S.K.: 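Before we start, here is the structure in question, set down as structure tokens.
We name chains A, B, ... by the order of the sequence lines, and we start the count at 1 in each one. All values derive from a computational prediction rather than experimental measurement.
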Protein chains: 2
Amino acid sequence: MAVTLADVAARAGVSAATVSRVLNGNYPVAGATRSRVLRAVEELEYVVNGPASALAAATSDLVGVLVNDVADPFFGIMASAVQSAMSPEGTGTAPRKMAIVCNTGGSPERELMYLTLLQRQRAAAVVLTGGAVEDPEHIAALRARLRRMADAGTTVVLCGRPPLPPAGDGTGPDGAGTPAPVAVTFDNSGGAKRLTQHLLSLGHRRMGYLAGPVARTTTRHRLEGHLAALAAAGLKEDTGRLTVYGAYDRSSGYDGTLELLRRDPDLTAVLAANDTVALGACAALRDRGLRIPEDVSVTGFDDLPFAVDAAPALTTVRIPLYEAGARAGRLALGTEDPPPGGVATVRAELMVRASSAPPRSPAR
Amino acid sequence: MAVTLADVAARAGVSAATVSRVLNGNYPVAGATRSRVLRAVEELEYVVNGPASALAAATSDLVGVLVNDVADPFFGIMASAVQSAMSPEGTGTAPRKMAIVCNTGGSPERELMYLTLLQRQRAAAVVLTGGAVEDPEHIAALRARLRRMADAGTTVVLCGRPPLPPAGDGTGPDGAGTPAPVAVTFDNSGGAKRLTQHLLSLGHRRMGYLAGPVARTTTRHRLEGHLAALAAAGLKEDTGRLTVYGAYDRSSGYDGTLELLRRDPDLTAVLAANDTVALGACAALRDRGLRIPEDVSVTGFDDLPFAVDAAPALTTVRIPLYEAGARAGRLALGTEDPPPGGVATVRAELMVRASSAPPRSPAR
DNA sequence: CTGTTAGCGCATTCAG
DNA sequence: CTGAATGCGCTAACAG
């Protein structure tokens, strides 16, 4: 049906092996025959059969990128960056690798399911983005699956999540064999700490915290940074009372803020787990007739593109998502050497904007 | 190295063919042997070799999704929806098809390049999202490429773009052979028209229009709807003078608004090509000391999630991106029958919110 | 219902 | 530098 290598070979008057060689360019071929083959390829509009070549070469040019939610710019930006790393810079050269973006929806089952699919495709590499679920059972399953993939030659890169905790239960040789996956992690805890310190320095003492989903590394690290800053300021007694967990979306921010207001009508600041949640928080506060930042300060996290356009512009913590994704992409392709220790932490920078200001009545 | 079908067959004491049959479930197999095989699969942790099966079956389970920009929620939402259509509803069943999201960056070359990659992978289907570039040369190349893919058995679905214009130059049999790709189009023109009518009815007469990139179907259709409404109101003289082209991003909205203000300092409304551009427009107006909507009304397009949280909340046109994407996904999989004529147009609904109000001095 | 037999299209030895 | 032969792992006819 479709035109094959053999057709091209016949047209060019050479053997299939020669055509294969010029196409892959890994072998010496005479200039004359090379151009003759190339012309035949053009004329026949030949397109390599990916599956066949993957089978024969036992390698594929697919790179999987797992994200919680493509529709969320947080992941969209990272995915876009990973993909950009596949194309060899400016030149219009076709990338040999192709990124597959897979939506897990944050569900552990779907994460494993997509890994199986990727494993089945014999993916060259896989990049796991975003926070990890902290369920021990899932971690064990994930570790096992990733190790099997790594053993089969798939490069595994973590982006935006910490390295997998070591096995611990001593089943099988751990330190030995395949090395742990390379990780590009975010300084979530440090960023959250600086953010809270910023609010503390403005004079805030009664702050509500809208945390992300429970049992997620990102959620935990951000919350820990926040609590650490509170503790350092001698405010640890409030811990927990003004923390509400929810999803990383607008409505969680809205509902969570109403709940916080119920718990403490006099709070002077709301720290949201991310920018999207912060938007919901702002909406809830406005609906309650509270002004931002005069009555209540609001902060986000991530510094997504829309944060600067919120009204008022959101004070937040900037995470260089694009740079991190690009780096993860290069690590996946082996274009960049892994960092010492296998873990690179990208800095989170405090962005002070209009949504934070001193509280109405400082220090309660 | 890896465990193969043969290994499983040996362990289960059956032939490779039988294992293949239980795995694909398309053939009758005795219950006893079936469970024996399944157990062997479990014990050996066998994972099918995708490339090999694709080669043998001459079909692949990959579905390509081309988007201009994954980091843009407009595309992210559609991509997410397409992907959701791959999973058989509630059941935790693994999707047999896998969506590959490819970033074209809006570049025709990259669009063709990714199609080549997809063609190489022998993709089962490909979904092209977003507006099409209107360069005749590119259209011809695209049409040729899509036809070749369709001939090779790949289902082609358009989502958010109009059907390809017919060949016209009479090269080769056109109407014959493979049918034209199915398309899920947006009523961009109708939505834009209703939006402009809304502003007209409020009393606006001097409106600036921030168009998208030139030579894009989406840009053209939205602009046409706008101009049609103006013409119907007898305002055609202004055509063009108050239209500025730019990218679909915030900075274009910002810069374009400054340019519009230069051309007509007394304009009372700015219509942006999409919500992101509108955000930039709002920022520019605020920086110029103009209030929204008291001094200038602003409208967006698409009704992305953040539109309702802008301050003031954005009057815009809602396009059911998720529904459209899901439908495109089902059409790609053949789960849904194509609409009569091969083209389904989804309605664009006017969403009136706080960013539009009567002008300061009605009717100039 | 199950085993046997052929390839699918290509990348690689190994000779020449 | 090039051609001929072999097998990657699996599916799809055929037989039985």
S.K.: Does a side-chain N or O of T33(B) approach OP1 or OP2 of dT2(C) to a distance below 4.0 Å, or not?
M.R.: yes

S.K.: At 4.0 Å (heavy atoms only), tell me whether A17(A) reaches a base, stays on the sugar-phosphate, or touches nothing.
M.R.: base

S.K.: Please state whether the phosphate of dT2(D), meaning OP1 or OP2, lies under 4.0 angstrom from any side-chain nitrogen or oxygen of S15(A).
M.R.: no

S.K.: Could you tell me whether V14(A) contacts a base, only the sugar-phosphate backbone, or nothing, with contacts defined as non-hydrogen atoms closer than 4.0 Å?
M.R.: sugar-phosphate

S.K.: Show the numbers, then the answer: is there a side chain to side chain donor-acceptor pair (under 3.5 Å) between T18(A) and S15(A)?
M.R.: CA-CA 5 Å; T18(A) 301; S15(A) 75; 3.3 Å; yes

S.K.: Can a side chain N or O of N24(B) be found less than 4.0 Å away from OP1 or OP2 on dT11(D)?
M.R.: yes

S.K.: Counting distance alone, no hydrogens or angles: does the base of dG3(D) have a donor or acceptor under 3.5 Å from a partner atom on the side chain of R21(A)?
M.R.: yes

S.K.: Does R36(B) or A57(B) map to a spot on DNA chain C nearer the 5' end, using the closest nucleotide for each?
M.R.: R36(B)

S.K.: What's the separation between atom CG in L66(A) and atom CD1 in I100(A), rounded to the nearest 0.5 Å?
M.R.: 10.0 Å

S.K.: Quick one: is dG9(D) close enough that its OP1 or OP2 comes under 4.0 Å of any side-chain N or O from S53(B)?
M.R.: no

S.K.: How would you label the contact of L55(A) with the nucleic acid (heavy atoms, under 4.0 Å): base, sugar-phosphate, or nothing?
M.R.: base

S.K.: Strictly below 4.0 Å, N to O, side chains only: are R147(B) and E45(A) in salt-bridge contact?
M.R.: no

